[in-house]
Amino acid sequence: MSIVKTENVVYEYQRLDEEGNVEGVTTAVDHVSLDVKEGSFIAILGHNGSGKSTLAKHINAILSPKEGSVWVDGLDTAQEENLWEVRSRAGMVFQNPDNQIIGQVVEEDVGFGPENMGVPTKEIWERVEESLRAVGMYEYRKHSPNKLSGGQKQRVSIAGVLAMHPKVIVLDEPTAMLDPTGRKEVIRAARGLNQVEGVTVILITHYMEEIVHADQVFVMDHGKIAMQGTPREIFSQVERLKELRLAVPQVTLLAHELKQSGIPLPDGILTRKELVEALVAYKNSQK
Amino acid sequence: MLRDITLGQYYQTDSVIHRLDPRVKLAGTLVYVITLFFYKNFVGYALAILFLALVIRLSKVPFKFMVRGMKSILFLLMITVLFNLFLTPGTPVVSFWKLHITQEGTALAVSMALRLTLLVIGSSLMTLTTTPNNLTDGMEKGMGFLRIFKVPVHDVAMMMSIALRFIPILLEETDKIMKAQMARGADFESGNLIKRAKALVPLLVPLFVSAFRRANDLAMAMEARCYRGGDGRTKMKPLKYKGRDFTAYAILLFFMVFSIWAGRLRLPMLMVGIVQ
Amino acid sequence: MPIQIEHLTHIYGDDTTLAVKALDDINLTISDGEFIGLIGHTGSGKSTLVQHLNGLLKASSGSILFDGQNIYDKGYDLKALRSQVGLVFQYPEHQLFEIDVFSDVCFGPKNLGLSEEEVKERATKALESVGIPKELYNQSPFDLSGGQKRRVAIAGVLAMDPKVLILDEPTAGLDPQGREEILDLIKGLQTKSHMTILLVSHSMEDVAEYVDRILVMNHGRVVYDGTPKEVFAHYKELEDIGLACPQVTYVCHDLHDAGFDVDLTATTVDEAKESILRALG
């Protein structure tokens, strides 16, 4: 069943000159159609300015398409009366960990969404507890967000969205401002949401290591979908990714280079284990 | 240097006063401050001091934290005292050159100093025993009646709590931008007033840009989490009066009535000033 | 102009009960023309250390000798030091403030009290060296793309004409190609302009590819100091302090365990490739 569906979505930004007149338009999203199955883990890749974040904001009805339509769980996001229902079914986590935490105490921040939705007090507490446990931040519930690390703040943000009981969570470059430890924490939490809680996850990123476990990957460029497929299919096209200002993980690159040098390795090797096994198999076949 | 500034100077401990409903504390502070202006003799002030001392004791907040708040108004206090001391007409006690210290002036100066001191200590006691969050909650609910006059109570409270959350972040950012500009040779510390004001441009422009960017991000994040103002919102931590809150209200009422009554008795020796 | 750091210690909140030792007895020498990578997780003290090198933070004890002179000596000109040791902060584009790109880059040299002509000359040179085309000089810095903004901000520091350039996470938030472009640019500054470079980074892979020497910090101390090969030989210990080696280092170790005769010190994709090809005969 499809949970998010976009059909020929177009979104344009107007460029204004100093007097405020329209100078020109930039097409940020250009006829994008995609279909996300319920319960899947989707990654949207693209360089900075490729339109991936603009597309993401459509799923949460923060932006409304200029042309085409977006449906979340069957609801047309362009319909005014669907707005709040769409936002409670499709949650969103943003890039900057500091600019999306509203509460002054972790648990109060997680409760913010349910409060807005009019959830009864007793249930808010239950949801806050279960969400904080799901991202492993329960013991920090009484802390001030200012004292947390970047990765912890992003996990609090994820819990804040989870407490709204959404069907899909869009993570818009949640790791771009984090260090490697923080990045790992957040990706682990996102995978947990998908596998344990069964929430559909749409991860937007330009770190290739983070999408290795995705069910499906879309690569964006100039507002269009330039590539789509499984991580393996995507990573096997090393040269094409380079053209799109992206880079494959070192292991994939090494496998690609070895292949270029004449070692027959399978395409799109994703993990260290796969590479080592393939090389061992090759070595044994040589004997 | 900027990190030294503390706002919303909450003192973390567990006491009866800490546990009181913020509305009680808000109302209490208001009542206390107002009663200070009704006293006509020093018995009233004595009662007010006694009452405050008792509450401070109950709050378990060390007295030095109260005094800290006094530093900022020391100058104002001195001026008030000096003006009242020298410029009140009446029976002279001491005279030198063209200045006279009068009996009435002394009484008035002392009473003004007491009023100001008690006012400041009384209100800092509220902020010391109430988390900023609780305070905004209390204001939202306690001032709810203002909604009849079209005052956007919920929005004001939300704004206050967001401001409190972002102040430390913006202070840190100021520190960082300042250092970054200093690395480019900026000098914030020397030169005359005009030069120093000009030197602030490279600090203030990036700071404003950043504040606007943050505000924009935050507004988006709030909308994404279904925020649409106060209507239809439930509360995770709703304010509910408990037994002790009603007791506190009763004590407050008694204090108000009794101290005003005692503070307005005509006791010639203890009167504040005839001019009043 | 070498930098010698001797017994440098920095304690935050010295006068309170919450004193934190951010730097703990650091001893280092940074020689002319080196390209050094400074690595450590958040809170390891690396940002604190670099802010000492241009005198923005003052040590609790110890000394820093720049070109043989102690910067903590009385009357030492810190402003002159800051023109010699350029520091690019994390997300440097957040400090842009002028109405156009060119004026912003002029800010640094102007503060040095240079003549207008010289200021313009330096700004032009700096903007050229980061690859900002002339057409953009009169644009508002706020209208540029993220990558361009970052270059302009770096140019703002380069215009001070420093001998030593310190960059704190210069690639944070950029996409892969943007990262590579910035790192190539920095490498060029070392090879062509003969600057000493100190690159603060989280990414072992970036560092392994570009630098000659790696410093690893943990809990305010320098725990490893050596060439990438020497440092990554401690890959297990590095993991214990929350840092990972380049993926290829792990691949080589795995292959070695599987009976391949590979070079365990390979730290870049190219080195690993050569080594594996050799091992396979």
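Letters A, B, ... mirror the listed sequences (proteins, then strands); counts begin at 1. Note that the coordinates shown come from a computational prediction; the quantities given were computed from them, not determined experimentally.
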Ring pair (Phe, Tyr, Trp, His ring centres under 6.0 Å) partners for C/Tyr210, two or more places apart | none
Between B/Val205, B/Leu203, B/Leu204, B/Val201, which shows the greatest number of heavy-atom pairs under 4.5 Å with chain C?
-> B/Val205
May I ask you to check whether C/Tyr76 and C/Phe66 place their ring centres under 6.0 Å from each other?
-> no
Test: C/Lys120 and C/Glu116 ion pair at under 4.0 Å = yes
Interface check, chain B: of C/Glu98, C/Lys79, C/His94, most non-hydrogen pairs under 4.5 Å belong to C/His94
Count the heavy-atom pairs under 4.5 Å between each of C/Val157, C/Asp104, C/Leu57 and chain B, then report the option with the highest count.
-> C/Asp104
Measure C/Gln51 against the heavy atoms of chain B and call it side chain, backbone, both or neither at under 4.5 Å.
-> side chain
Which region of C/Leu87, side chain (C-beta onward) or backbone (N, CA, C, O), has a non-hydrogen atom less than 4.5 Å from a non-hydrogen atom of chain B, or is it both or neither?
-> both
B/Lys179 to C/Phe89, cation-pi by 6.0 Å centre distance and 45° axis angle = no
Region of C/Leu78 that comes under 4.5 Å of a non-hydrogen atom in chain B | neither
Please confirm whether C/His10 and C/His52 have ring centers closer than 6.0 angstrom.
-> yes
